[in-house]
2 protein chains.
Amino acid sequence: MTDSTSQTYTRADEAFDCLQTAIVKGDLAPGDKIGELDLCSRFELTRGPLREALGRLESRGLLVRRPHAGVKVVSLSASELVELYRIREVMEGLAARQAAERMTDQEIADLQATLDAHETMIDEAQGQAYYQAEGDYDFHHRIATGSRNIKLAQMLLGDLYYMVRMYRYRLSTSAGRPHRALGEHRRIVEAIAQRDGELAEFLMKRHINAARKNIEKKIQEGVLTI
Amino acid sequence: MTDSTSQTYTRADEAFDCLQTAIVKGDLAPGDKIGELDLCSRFELTRGPLREALGRLESRGLLVRRPHAGVKVVSLSASELVELYRIREVMEGLAARQAAERMTDQEIADLQATLDAHETMIDEAQGQAYYQAEGDYDFHHRIATGSRNIKLAQMLLGDLYYMVRMYRYRLSTSAGRPHRALGEHRRIVEAIAQRDGELAEFLMKRHINAARKNIEKKIQEGVLTI
DNA sequence: AAGCCTAATATTGTCAACAATCCTAAAGTA
DNA sequence: TACTTTAGGATTGTTGACAATATTAGGCTT
């Protein structure tokens with residue numbers, strides 16, 4: 001995600017990627033207070049580039065920083081996580097609509113192919129939340145890109161998805177949901193293939209709404225403690 | 001917007017604010033290629049904090065950076081600017097809906113008061129685009145904050161608005177539009193006061209849609225060259 | 001015993017020198 | 001004349017040392 005056109009890969013870019021994946025994968029858990037020197041030794045970096053990366057991550061909302069006090073990984077409250085899905089609902093709805101208008105036929109064919117791949121993945125790795133989540137991410141990623149709305153894709157891929165993925169491992173396995181989600185994905189792609197932007201937007205919004213309700217239910221059940 | 005809770009104000013924060021306002025005010029115009037040393041001498045900074053600020057601004061999409069080549073202010077194409085308004089449409093629609101559900105009565109009263117102030121401002125500074133734009137910004141700012149959706153407010157106030165404001169001085173004066181916009185604002189606030197979130201969302205979306213069409217028209221007329 | 005103040009420590013913020021890379025301009029060749 | 005190549009210069013990337021600040025632990029007071 002760090003500007004694929006850049007030919008050279010600076011240490012700051014490296015630091016940024018390391019930290020971002022560490023946060024997303026859970027190696028750095030929400031709420032962790034982390035020292036710069038720890039990070040330096042862990043990732044074999046020096047403080048200059050590291051600090052630049054910290055600045056970027058703070059700006060994206062993955063870290064919070066207090067001058068002279070330190071850096072800690074952002075920790076969303078339950079309500080904040082839910083609010084994230086409300087934002088996704090409208091933004092990805094727009095993405096789906098624009099994707100329906102602008103994706104190439106080839107891209108749509110590829111998208112359908114990935115759905116087939118997801119299906120076998122779900123059947124094989126039954127209940128393996130990780131791969132399900134990756135498949136889901138792939139789907140949303142392609143649509144965001146397919147919207148041809150650069151800023152929209154940037155905001156989704158660079159901000160929201162990383163925050164959502166931070167929490168995915170906690171709230172993934174909901175019996176039967178993967179198959180239902182896949183069905184919803186199929187319908188969305190169908191609408192896109194028919195170039196029906198309005199329908200694609202509607203279906204995408206409903207899809208994310210369902211995911212949100214699923215999370216809200218878990219929170220109420222106390223399954224998900226944040 | 002740089003974390004109001006921070007007690008101490010670091011040089012990097014200073015650099016960030018300086019650059020951001022310079023970009024928004026047009027002192028650094030879109031497309032300008034800027035050297036780090038120039039910036040250092042201009043803002044009385046040293047390179048360390050400056051680079052950290054550059055990282056943050058790049059992450060927010062106000063700057064583009066190419067390793068070893070330099071930094072330049074982002075320059076939106078006409079279509080990218082229009083796309084920005086499509087994003088605003090759905091995000092601010094959501095903000096208006098949530099604001100209708102969550103703003104305090106006091107906040108709503110204040111909002112109505114600012115609209116009155118805007119009205120006199122428009123009458124007095126007739127055609128003074130700058131103040132009109134500031135009033136408009138204030139209105140949208142309050143609603144974003146009133147949504148109580150932290151991330152949504154962050155994205156609107158920290159990303160989108162700055163990019164829009166970069167271009168406001170070019171596309172501001174459209175005879176009669178200020179009054180019409182004010183009327184639209186009033187209706188939105190009315191819906192919020194009645195706690196009608198659905199209507200508030202609808203009206204806000206239409207409001208931004210109108211602004212987008214206004215810009216598209218100007219682009220087609222060739223008035224606005226980007 | 002509990003709370004406040006003080007000082008030591010560790011961590012962050014800042015700086016200036018060094019190394020690596022890109023851009024430019026001049027020279028040479030087709 | 002126009003294009004390629006190469007060397008120089010300028011700019012960015014990186015590093016490690018230095019300064020400033022928040023935290024924490026310990027002692028003191030109430």
Side-chain angles (χ1 to χ4, degrees), chain A residues 1-20 22-23 27-29 31-75, chain B residues 1-20 22-23 27-29 31-75:
Chain A
M1 186 52 12
T2 311
D3 190 21
S4 57
T5 63
S6 77
Q7 275 126 31
T8 48
Y9 189 65
T10 71
R11 307 285 284 199
D13 292 332
E14 193 185 328
F16 182 77
D17 289 344
C18 284
L19 284 170
Q20 196 166 47
I23 291 170
D27 298 338
L28 294 174
D32 276 8
K33 193 158 90 183
I34 50 187
E36 291 185 1
L37 291 175
D38 292 351
L39 293 176
C40 285
S41 59
R42 188 181 326 191
F43 297 116
E44 310 245 338
L45 290 162
T46 168
R47 283 183 60 216
L50 179 85
R51 281 177 65 75
E52 210 182 302
L54 291 178
R56 288 195 228 173
L57 288 165
E58 185 200 14
S59 179
R60 295 202 178 181
L62 260 65
L63 297 178
V64 279
R65 232 169 163 185
R66 243 182 34 201
H68 293 283
V71 183
K72 70 176 210 266
V73 181
V74 78
S75 170
Chain B
M1 189 50 13
T2 310
D3 190 22
S4 57
T5 64
S6 76
Q7 274 128 30
T8 49
Y9 189 66
T10 71
R11 307 286 285 219
D13 292 331
E14 192 186 327
F16 182 77
D17 290 345
C18 284
L19 283 170
Q20 196 168 45
I23 292 170
D27 297 340
L28 294 173
D32 276 8
K33 193 158 89 183
I34 50 188
E36 292 186 1
L37 292 174
D38 293 351
L39 293 176
C40 285
S41 58
R42 188 185 321 195
F43 297 116
E44 310 246 338
L45 290 162
T46 169
R47 282 184 61 217
L50 180 86
R51 281 177 65 73
E52 210 183 300
L54 291 177
R56 289 196 226 171
L57 288 164
E58 184 200 15
S59 178
R60 295 203 177 179
L62 259 64
L63 298 178
V64 279
R65 232 168 162 184
R66 242 182 35 202
H68 294 282
V71 184
K72 70 176 210 260
V73 181
V74 76
S75 170

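Lettering of chains follows the sequences in order, A, B, ..., and the numbering in each one begins at 1. Note that the structure is a prediction, hence the values are computed from the model and not measured.
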*Base, sugar-phosphate, or nothing: which does B:Gly48 touch, judged by heavy atoms less than 4.0 Å apart?*
nothing
*Base, sugar-phosphate, or nothing: which does B:Leu45 touch, judged by heavy atoms less than 4.0 Å apart?*
nothing
*Listed nucleotide nearest any side-chain atom of B:Ala69, set C:dA20, C:dC23, D:dT23*: C:dC23
_Rounded interatomic separation in angstrom, taking CZ from A:Arg65 and P from C:dT12_ = 9 Å
_What is the distance, to the nearest angstrom, from the CD atom on A:Glu58 to the P atom on C:dT12?_
14 Å
*Could you check if a side-chain atom of B:Thr10 sits within less than 4.5 angstrom of a side-chain atom of A:Arg65, using non-hydrogen atoms only?*
no
*Do the non-hydrogen side-chain atoms of B:Asp13 and B:Arg56 ever get within less than 4.5 Å of each other?*
yes
*Would you kindly give the CG-to-P distance between B:Leu54 and D:dT14, to the nearest whole Å?*
14 Å
*Could you tell me whether the side chain of B:Val73 reaches within less than 4.5 Å of the side chain of B:Leu63, counting heavy atoms only?*
yes
*Provide, to the nearest angstrom, the distance between the CZ atom belonging to B:Arg66 and the P atom belonging to D:dA10.*
20 Å
*D:dT21, C:dC22, C:dC15: which one has an atom nearest the side-chain heavy atoms of B:His68?*
C:dC22
_Length of the line joining B:Arg51:CZ and D:dT12:P, which is rounded to integer Å_ = 9 Å
*State, yes or no, whether a side-chain contact exists between A:Leu39 and A:Arg47 at a heavy-atom distance under 4.5 Å.*
no
_Tell me the interatomic distance from B:Leu37, atom CG, to C:dA16, atom P, rounded to whole angstroms._
13 Å
*Side chains of A:Glu36 and A:Leu54: closer than 4.5 Å at any heavy-atom pair?*
yes
*Could you check how far CG of A:Leu50 sits from P of C:dT11, rounded to whole Å?*
14 Å
*A:Glu36, nearest nucleotide to its side chain (from D:dT14, C:dC15, C:dG13)*: C:dG13
*Listed nucleotide nearest any side-chain atom of B:Arg47, set D:dT12, C:dG13, C:dT14*: D:dT12
*When the distance from NZ of B:Lys72 to P of D:dT11 is rounded to whole Å, what number comes out?*
18 Å
